[in-house]
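Each ligand, and each atom within it, is numbered from 1 in the order the structure gives.
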Amino acid sequence: MSDIKELDHQYIANTYARFPVTIVSGKGSVAVDDKGKEYIDMGCGIGVTAFGYCDDEWISAVTAQLGKVQHTSNLYYTEPGALLAEMLCGKTGMKKVFYCNSGAEANECAIKAARKYAADTKGPEYFNIVTIKNGFHGRTLTTLAATGQEHYHEMFQPLTPGFVYADAGDIHSVMKLCAENKTAALMFECIQGEGGVVPLDKDFVQDMAHFARDEGMTVIVDEVQTGNGRTGALYSYMNYDIRPDIVSTAKGIGGGLPLGVCMLGEKVQDVFAPGDNGSTFGGNPACCAGALSILSRLDDKLMAGIREKGEYVFSALSGAPGVKCVTGMGLMIGVEPKGQSAGDVVKKCMDMGVLCLTAKEKVRLLPALNIPMDELKKAVDIIKEACAEGEA
Ligand SMILES: *Cc1c(COP(=O)(O)O)cnc(C)c1O
């Protein structure tokens with residue numbers, strides 16, 4: 001076999017700084033590399049493999065569908081897409097869903113829906129979207145524009161116009177931007193993921209929701225990373241007691257296959273007409289069959305387990321040697337090391353057989369939602385050991 005790393009460097013565009021590991025297989029929360037070394041995976045393909053590697057139920061659901069029909073285009077009806085939409089709306093109270101293939105695309109749909117709703121109700125000049133500084137909404141030119149972090153914007157100008165950025169936690173900053181710009185929507189992640197696992201304050205989120213409702217604006221919650229059980233609630237907005245008009249999600253919902261969803265609430269449910277949005281692959285029957293298997297298992301018992309495991313990680317790492325702070329909710333956790341960088345800790349963990357992510361200055365943990373307690377404990381012990389070296 002030719003050297004995988006060499007081939008990758010020669011032929012794959014230079015957009016990723018990969019870790020020096022080639023993963024060849026996995027089961028549950030354990031990944032195996034090409035040398036047979038096993039790792040407990042605390043990153044889950046960036047929060048994607050909700051039930052870990054090669055989950056049996058998910059495989060049966062996907063393969064059964066692959067044996068019937070793998071793709072039809074959106075010119076025809078299919079069963080998995082319709083059933084998944086019914087389940088999503090039933091569990092959230094949202095009214096309609098649009099399917100696409102990624103988080104960025106789900107956000108593109110959310111932005112189109114908000115702009116069209118504003119154009120219909122107030123006028124096309126109400127196109128601005130207020131997002132929150134340090135947020136992350138994707139890599140397309142429009143979702144980059146929505147991302148309130150300058151360093152992502154450099155070199156790709158001009159981006160889609162119509163985005164302004166408010167300070168997290170400051171409702172007056174939001175109100176001021178809305179007064180200065182004719183605004184269609186407020187858009188945010190309840191817990192900023194890529195921004196360093198930073199939860200927004202509950203009061204701030206509720207104030208934004210009330211303000212948007214009073215002003216006839218829509219509220220878009222980006223649940224791409226926080227959604228589908230990750231925070232111990234089905235969607236993170238449920239922890240904040242708000243009702244968004246538009247919810248985008250992706251990552252974990254497909255269990256490892258690409259699926260993005262934009263959910264439309266009552267206010268905006270009829271905003272689109274045929275031709276207003278579309279996607280060739282969106283709602284692929286195999287992806288939707290897999291998602292049905294995932295979503296149907298995200299019940300109260302699993303959520304309670306996610307919260308319990310999250311609390312275990314919090315209490316095990318908070319105040320531990322070499323740990324500055326622990327942030328997040330459920331099984332979406334940021335650990336800020338002292339005396340060394342997050343990257344240093346991730347490297348040490350990898351050597352000791354645990355895969356972690358980073359987000360800004362934090363080590364980011366997004367383990368499988370069903371990670372067994374003994375594996376979680378083992379991984380946390382290793383993370384603890386790696387952090388402690390920063391204080392030594
Ligand atoms: C990952 C992420 C996205 C982008 O999702 P892609 O599937 O990579 O397009 C958007 N928003 C948030 C909050 C994310 O974490």
Side-chain angles (χ1 to χ4, degrees), residues 13 15-18 43-50 98-114 129 131-149 152-153 156 159-160 163 165 168 185-200 205 219-231 233 235-237 239-240 244 246-263 277 279 281-284 287 290-291 294 327-334 357-360 362 364-367:
T15 60
Y16 301 108
R18 299 196 207 279
C44 257
I46 318 189
V48 167
T49 48
F98 175 82
Y99 292 126
C100 48
N101 315 285
S102 70
E105 257 187 297
N107 283 333
E108 292 268 351
C109 176
I111 292 161
K112 284 177 78 171
I129 315 266
T131 69
I132 307 297
K133 287 176 191 168
N134 193 50
F136 181 84
H137 299 295
R139 303 283 189 165
T140 63
L141 288 171
T142 297
T143 56
L144 270 185
T147 293
Q149 303 190 52
Y152 284 109
H153 297 173
F156 302 111
L159 302 177
T160 305
F163 291 88
Y165 317 109
L186 309 182
M187 178 175 185
F188 54 88
E189 309 157 79
C190 290
I191 303 169
Q192 296 180 327
E194 302 301 314
V197 196
V198 184
L200 297 182
V205 168
V219 171
I220 304 170
V221 179
D222 180 341
E223 296 269 7
V224 173
Q225 188 161 158
T226 51
N228 315 302
R230 177 54 54 193
T231 68
Y235 290 96
S236 69
Y237 72 78
N239 296 315
Y240 285 78
I246 303 174
V247 174
S248 57
T249 194
K251 290 201 167 91
I253 192 167
L257 282 175
L259 181 66
V261 184
C262 179
M263 294 185 250
N277 209 6
S279 163
F281 286 121
N284 172 277
C287 298
I294 301 287
T327 60
M329 228 178 256
L331 286 174
M332 177 172 181
I333 298 170
L357 307 165
T358 61
K360 292 274 176 73
K362 305 260 183 34
R364 179 173 38 153
L365 309 177
L366 304 170

Chemist: With a cut-off of 4.0 Å, which atoms of ligand 1 are near a heavy atom of S102?
Modeler: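 Near S102, the atoms of ligand 1 are 7 (O), 9 (O).
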
Chemist: So which of Q225, K251, M332 gets nearest to atom 2 (C) of ligand 1, if we judge by its closest heavy atom?
Modeler: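 Closest candidate by heavy-atom distance is K251.
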
Chemist: Given 3.5 Å as the limit, does a donor-acceptor pair link the side chain of Y240 with the main chain of C190, or not?
Modeler: yes

Chemist: Side chains of S236 and E223: do they bring a donor and an acceptor to under 3.5 Å?
Modeler: yes

Chemist: Output the distance between atom OH (Y152) and atom CD (E194), rounded to the nearest 0.5 Å.
Modeler: 5.5 Å

Chemist: Has the side chain of T327 got a donor or acceptor atom that lies under 3.5 Å from a matching backbone atom of V197?
Modeler: yes

Chemist: From H137 NE2 over to M187 CE, what is the distance, rounded to the nearest 0.5 angstrom?
Modeler: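 Result: 4.5 Å between the selected atoms.
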
Chemist: Backbone N or O of G196 within a donor-acceptor pair of the K362 side chain at under 3.5 Å?
Modeler: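 Yes, because the side chain of K362 sits within donor-acceptor range (under 3.5 Å) of the backbone of G196.
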
Chemist: Do any N/O atoms on A104 end up under 3.5 angstrom from N/O atoms on ligand 1?
Modeler: yes

Chemist: Looking only at protein heavy atoms, which one is nearest to atom 5 (O) of ligand 1, and how far off is it?
Modeler: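 Nearest protein contact, heavy atoms only, for atom 5 (O) of ligand 1 is G103 CA, 3.3 Å.
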
Chemist: Does either side chain, that of K360 or that of Q149, offer a donor lying less than 3.5 Å from an acceptor on the other one?
Modeler: yes

Chemist: Please classify the E189 to ligand 1 contact at 4.0 Å (heavy-atom distances, strictly less than): side chain, backbone, both or neither.
Modeler: side chain

Chemist: With a 4.0 Å cut-off, strictly under, does atom 8 (O) of ligand 1 pick up any protein heavy atom?
Modeler: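 When distances to the protein are checked, atom 8 (O) of ligand 1 has no heavy atom within 4.0 Å.
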
Chemist: Which one holds for A250 and ligand 1: side chain close, backbone close, both close, or neither close, with close meaning a heavy atom under 4.0 Å?
Modeler: neither

Chemist: Which atoms from ligand 1 have a heavy atom of N107 less than 4.0 Å away?
Modeler: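 Heavy-atom distances to N107 below 4.0 Å select 10 (C), 11 (N).
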
Chemist: Considering only heavy atoms, which of V48, D222, T143 lies nearest to atom 11 (N) of ligand 1?
Modeler: D222

